[in-house]
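To start, the structure under review is shown below, and the notes come after it.
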Amino acid sequence: MDSKNLGGILDKINELRALFIFGQRVIPFLEELFYFVHDIVPVLEEINASIYESASKMPRASSQLSKVTQATELATTEILDNLDGVISRLDTIDSHFQTATADLNAIDKLDKDMLEAVKSSLNGSHQETLRAVSALQEQKGSHLKAVKLNASGLEKSLKEIREKSNDIMISLQVQDITSQQIASVNHLIGSVQDRLSNLIDRFKISGEELISEIERTDHRTFDPNASYDRSGERQKAADEVVGGSAPTRDNSEEAEKKTVNPTSQEEIDKLFGKGA
Amino acid sequence: MKFLVVDDSQTMRRIVTNALKGIGYDDIIEAEDGKDAYAKLYIEKIDFIITDWNMPNMNGLEFTKAVRGGEEQYNSLPILMVTTRGMKEDVMEALQAKVNNYVVKPFTPQVLKEKIDLILKTL
């Protein structure tokens with residue numbers, strides 16, 4: 001063994017020494033890392049279990065929401081049935097009322113005609129009797145006036161009931177709007193569940209059953225921005241776009257422009273982010 | 001005048017139908033989506049269409065395009081879109097599909113009457 005070989009061995013020993021020194025420095029860090037991993041595993045398992053539990057509850061939540069839509073639709077149909085009944089009865093009352101008013105007016109006219117006929121046939125005699133009959137006729141007239149006044153009040157009330165019934169019917173549009181909102185939430189739940197299911201699949205835990213998929217029986221399309229706004233502002237905005245006039249349907253170029261392109265192309269482009 | 005009311009919501013079909021009856025139109029048939037409505041166009045003689053936008057199978061916009069792109073006799077058939085979609089872009093899209101006018105839900109019978117009258121006046 002010459003000095004060159006010994007030098008090589010010494011270099012290797014120095015490298016080993018450096019490695020040991022490095023090892024000594026790294027070991028505490030590795031120990032810390034080991035304890036960290038040891039501590040974090042139960043937390044990760046807990047998170048995993050929590051994700052699993054949340055994901056497994058989603059199909060039920062979605063199903064419950066669908067049931068809410070079905071129940072409100074059923075209830076709305078019942079309310080509409082009852083409203084139809086109310087409106088139908090109002091129509092009947094209105095019809096009877098008009099007939100009764102016409103009859104009263106006819107009776108009043110007949111009475112007046114009868115008195116005139118009697119006056120004419122008596123030819124100036126029996127003045128006292130005629131005065132008495134006229135007085136009675138006047139009394140009858142004032143009663144008739146009172147009846148007509150009450151009838152007018154009744155007619156006003158009937159009109160109000162009809163308006164209120166129509167208002168209720170209009171308010172029932174809320175069922176369609178909320179069902180679209182629910183469908184939107186259901187869609188969102190479905191998307192979240194898909195993501196969570198993928199996560200669970202990637203970190204499969206032994207012994208856990210696969211989460212049942214959300215049953216997508218509700219194929220209804222929806223507007224995620226549906227809102228129950230009766231201020232009329234949204235209609236006003238739509239009217240502004242339409243241009244306040246219905247487009248004509250003849251084949252002239254001008255009509256076509258009005259129909260298809262109520263606002264400028266520039267404005268449309270701007271809306272779709274293609275402008276300037 | 002025969003109306004065709006197209007909406008997947010039974011509630012809405014009934015509300016629109018009742019509103020139409022309230023303003024004096026009694027001849028009304030219903031369809032539950034664009035596909036159903038398109039089939040009915042060939043069976044019944046329809047004078048006026050009131051359609052929703054969001055529907056399964058064939059939505060209101062697709063239905064409108066199908067009607068306008070179909071037989072020539074349907075080019076002038078009045079179409080009123082009644083929908084929850086109230087964004088400016090939606091209204092423009094509907095107009096480009098050639099609906100005659102646009103009503104945002106919830107609507108009142110007065111608004112419905114106003115739009116129908118407006119369409120009929122300009123025909």
Side-chain angles (χ1 to χ4, degrees), chain A residues 72-73 76-77 79-81 83-84 87 162 166-167 169-177 179-181 183 218-223 225-230 232-251 255-256 258-263 267-268 271-272, chain B residues 7-16 18-19 21-22 33 52-57 59-60 68 75-109 111 114-123:
Chain A
T72 54
E73 184 151 24
T76 308
T77 304
I79 297 168
L80 281 168
D81 286 343
L83 274 176
D84 278 351
I87 289 169
R162 193 182 290 277
N166 283 331
D167 274 352
M169 204 172 293
I170 297 313
S171 299
L172 289 175
Q173 289 177 76
V174 73
Q175 194 276 324
D176 176 54
I177 293 164
S179 72
Q180 289 199 46
Q181 290 166 337
D218 186 4
H219 298 296
R220 184 174 182 173
T221 53
F222 56 86
D223 170 17
N225 300 313
S227 69
Y228 186 72
D229 176 7
R230 285 189 70 172
E233 288 302 314
R234 298 172 87 216
Q235 184 60 51
K236 206 173 146 192
D239 288 346
E240 275 168 17
V241 179
V242 176
S245 64
T248 52
R249 283 283 156 223
D250 62 14
N251 291 326
E256 188 68 9
K258 273 189 194 171
T259 305
V260 181
N261 203 9
T263 47
E267 197 178 345
I268 295 171
L271 270 166
F272 287 93
Chain B
D7 203 307
D8 57 329
S9 159
Q10 193 195 341
T11 305
M12 281 313 302
R13 288 201 301 273
R14 227 169 133 181
I15 290 171
V16 174
N18 281 344
K21 283 180 180 169
D33 57 45
D52 181 26
W53 185 320
N54 293 111
M55 293 181 290
N57 301 321
N59 68 36
R68 294 292 184 235
N75 285 347
S76 57
L77 187 60
I79 302 179
L80 177 63
M81 180 79 83
V82 179
T83 173
T84 54
R85 302 172 79 115
M87 307 290 278
K88 201 173 175 183
E89 296 90 324
D90 297 327
V91 186
M92 282 185 175
E93 206 177 345
L95 287 171
Q96 284 183 324
K98 298 185 184 179
V99 299
N100 292 73
N101 218 313
Y102 200 93
V103 171
V104 183
K105 292 177 190 171
F107 66 89
T108 61
V111 170
E114 186 189 302
K115 300 301 170 198
I116 292 170
D117 289 348
L118 206 57
I119 292 171
L120 294 178
K121 206 169 77 182
T122 50
L123 279 178

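Naming: A, B, ... by sequence-line order, numbering from 1 per chain.
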If you tally heavy-atom pairs under 4.5 Å between each of B:N59, B:V91, B:T11, B:D90 and chain A, the highest tally belongs to B:T11

Heavy-atom pair with the smallest gap, counting every atom of A:S227 and B:P106: O-CD, 4.1 Å

Measure across A:V242 and B:Y102 and return the closest heavy-atom pair with its distance rounded to 0.1 Å. CG2-CB, 4.0 Å

When rounded to the nearest 0.5 Å, the distance separating CD of A:E73 from CE of B:M12 is 11.5 Å

Rounded to the nearest 0.5 Å, what separation is found between the CG atom of A:D223 and the NZ atom of B:K105? 9.5 Å

The test is side-chain contact (heavy atoms from CB on, under 4.5 Å); show your working for B:V103 and A:Q235 and say whether it passes. CA-CA 6 Å; B:V103 171; A:Q235 184 60 51; 3.7 Å; yes

Can you name the side chain to side chain contact (heavy atoms under 4.5 Å, CB included) partners of A:I170, sequence neighbours left out? A:Q173, A:R230, B:P109

Mind checking the CG-CG spacing from A:L83 to B:N18? Nearest 0.5 Å is all I need. 8.5 Å

Between CG of B:D8 and OG of A:S179, what distance do you get to the nearest 0.5 Å? 7.5 Å

Closest approach of B:V104 and A:A238, non-hydrogen atoms and distance? CG2-CB, 3.9 Å

Across all chains, not counting sequence neighbours, the side chain to side chain contact (heavy atoms under 4.5 Å, CB included) partners of B:R14 are A:T77, A:L80, A:D81, A:D84

Distance from B:M55 atom CE to A:F222 atom CZ, nearest 0.5 Å? 15.5 Å

How many angstroms lie between OG1 in B:T84 and CD in A:Q180, if you round to the nearest 0.5 Å? 4.0 Å

